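Take a look at the structure set out below.
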Amino acid sequence: MGVTELGKLINESRQEIDLAKLNGRIISIDAYNALYQFLASIRQPDGTPLMDSRGRVTSHLNGLLYRTINLLENGIKPVYVFDGKPPQLKQTEIERRRQRKEEEAHAAEAAAKAGNTEEARKHSQRAIFITDEMVNDSKELLTAMGLPWVQAPGEGEAEAAFMAERGKAWAAGSQDYDSLLFGAPRLVRNLTVTGKRKLPNKREYVDVKPELIELDKVLRELGLRDRIQLIDLAVLIGTDYNPDGVPGVGPQRALKLIKEYGSIDRVAKSVGLEKFPMDPIAIREYFMKPDVIEVGELRFNKPDERTIMDLLVRRHDFSEDRVKGAIERLRKSMDRTGGSSTLDAFM
DNA sequence: CGGGGAGA
DNA sequence: TCTCCCCGG
């Protein structure tokens with residue numbers, strides 16, 4: 001997902017950041033990215049996610065509730081940005097992912113039947129898909145919590161970056177680096193309070209700290225002229241729109257090629273255009289001009305306790321005591337930062 | 001992932 | 001008070 005390989009080239013321009021430094025700041029969070037993380041990590045050892053009595057997955061609601069409250073308690077204003085219609089460019093990749101998830105779901109089932117819980121967990125984590133119902137419940141929860149959220153016309157990541165570029169948000173929040181390609185001046189990764197992440201294939205956990213990545217610093221570190229060159233670099237490595245990148249070209253060689261030739265079209269002429277199943281210039285243009293909208297006034301309101309209880313406790317079998325405790329924390333954090341106020345008040 | 005109880 | 005670890009739905 002996203003341009004994960006780009007991270008291998010980024011060192012000095014990646015800085016750990018204290019949560020306190022984010023106090024009072026708005027972060028436009030890629031909702032899909034966040035929900036995906038919750039669905040991947042909030043699981044039992046055998047890979048079973050949290051579910052209500054009707055078998056509906058609830059891991060995303062659990063994660064969304066507690067993480068959002070944690071952010072608010074630290075004075076951070078999260079604004080979740082939901083995906084709209086994916087661009088045409090992404091269609092083949094979407095179909096490819098759907099097929100792979102189907103296979104992984106079968107593999108998970110088989111492993112579970114064979115009693116291999118580790119395998120089952122691994123495969124079921126790769127089989128995650130986010131349903132409309134999950135998205136709708138998440139939006140309902142956020143609204144009931146008194147938080148604004150944004151419906152992007154296209155990619156949520158693009159809209160979140162646009163909000164950061166326009167100063168609607170201080171930074172974009174995501175695990176992917178795509179926000180930088182979409183023009184976010186700042187990207188915050190690992191936006192968690194008690195960051196613990198499971199190491200792949202191991203039982204160990206490592207501490208993860210929030211990190212701030214600034215676009216201009218990245219360009220300087222890599223020695224690139226502008227964002228267009230960064231996009232060109234990413235297209236060589238592989239993006240959501242050309243996931244394989246150019247076979248045989250890794251991050252290091254891609255950087256060298258962009259510096260040597262200056263742009264992706266010149267690189268393409270050199271390495272051969274047939275190495276690009278998708279038109280690299282079309283991908284670049286999409287990153288430069290994605291489908292985004294100006295967001296209207298965003299408002300933080302008092303939490304609606306009734307609706308939160310109805311959604312989580314009555315409909316999804318959360319424990320009444322736990323949710324009450326969460327609402328209490330939510331109320332306190334909202335009071336401290338001003339329960340009902342416009343987004344502009346925090347700028 | 002994150003809460004909170006157990007045990008030190 | 002702190003760390004570890006189980007459990008949430």
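Chain letters run A, B, ... following the sequence lines, proteins first, then strands; residues in each count from 1. Quick caveat, the model's predicted, so the values are computed rather than measured.
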Margin query: Mind checking if A:S41 touches a base, just sugar-phosphate, or nothing, with heavy atoms under 4.0 Å?
Written below: base
Checklist line | Residue pairs involving residues 244-259 of chain A (criterion salt bridge (Lys or Arg N to Asp or Glu O under 4.0 Å); sequence neighbours excluded) | finding: A:R96-A:D244
Margin query: Run the side chain to side chain contact (heavy atoms under 4.5 Å, CB included) test against A:K85 and tell me which residues pass, sequence neighbours left out.
Written below: none
Item checked: Under 4.0 angstrom between A:R329 side-chain N/O and B:dG3 OP1 or OP2 -> yes
Item checked: C:dC7 OP1/OP2 closer than 4.0 Å to side-chain N/O of A:N62 -> no
Measure [atom1]/[X] against [atom2]/[N] and give the value in whole Å, please.
X	N	atom1	atom2	value
A:N70	B:dG4	CG	P	11 Å
A:Y66	C:dG9	OH	P	7 Å
A:L71	B:dG3	CG	P	11 Å
A:N190	B:dG2	CG	P	11 Å
A:L61	C:dG8	CG	P	17 Å
A:D46	C:dG8	CG	P	13 Å
A:R43	C:dG9	CZ	P	17 Å
A:L65	B:dG4	CG	P	11 Å

Next item on the list: Taking ring pair (Phe, Tyr, Trp, His ring centres under 6.0 Å) as the test, write out the residues that go with A:Y80, two or more places apart.
Entry: none
Next item on the list: Could you tell me whether A:K217 and A:E12 have a side-chain N and a carboxylate O separated by less than 4.0 Å?
Entry: no
Margin query: Tell me whether A:E102 is salt-bridged to A:R98, with the criterion being a basic N under 4.0 Å from an acidic carboxylate O.
Written below: yes
Check: Near DNA chain C, under 4.0 Å by heavy atom, which residues of residues 312-322 of chain A?
Finding: A:H316, A:D317, A:F318, A:S319, A:R322
Using atom types as modelled, flag every donor-acceptor pair under 3.5 Å from a side chain in residues 308-318 of chain A to any protein atom, sequence neighbours excluded.
{"unit_1": "A:D310", "atom_1": "OD1", "unit_2": "A:R314", "atom_2": "NE", "d": "2.4"}
{"unit_1": "A:D310", "atom_1": "OD1", "unit_2": "A:R314", "atom_2": "NH2", "d": "3.1"}
{"unit_1": "A:D310", "atom_1": "OD2", "unit_2": "A:R315", "atom_2": "NE", "d": "3.1"}
{"unit_1": "A:D310", "atom_1": "OD2", "unit_2": "A:R315", "atom_2": "NH2", "d": "3.2"}
{"unit_1": "A:R315", "atom_1": "NH1", "unit_2": "A:E140", "atom_2": "OE1", "d": "3.4"}
{"unit_1": "A:R315", "atom_1": "NH2", "unit_2": "A:E140", "atom_2": "OE2", "d": "2.5"}
{"unit_1": "A:H316", "atom_1": "ND1", "unit_2": "A:D52", "atom_2": "OD2", "d": "2.8"}
{"unit_1": "A:H316", "atom_1": "NE2", "unit_2": "A:D137", "atom_2": "OD2", "d": "2.8"}
{"unit_1": "A:D317", "atom_1": "OD2", "unit_2": "A:S53", "atom_2": "N", "d": "2.6"}
{"unit_1": "A:D317", "atom_1": "OD2", "unit_2": "A:S53", "atom_2": "OG", "d": "2.8"}

Donor-acceptor list for residues 283-294 of chain A side chains, cut-off 3.5 Å, not counting sequence neighbours:
{"unit_1": "A:R284", "atom_1": "NE", "unit_2": "A:D232", "atom_2": "OD1", "d": "3.0"}
{"unit_1": "A:R284", "atom_1": "NH2", "unit_2": "A:D232", "atom_2": "OD2", "d": "2.8"}
{"unit_1": "A:E294", "atom_1": "OE2", "unit_2": "A:R166", "atom_2": "NH1", "d": "2.1"}

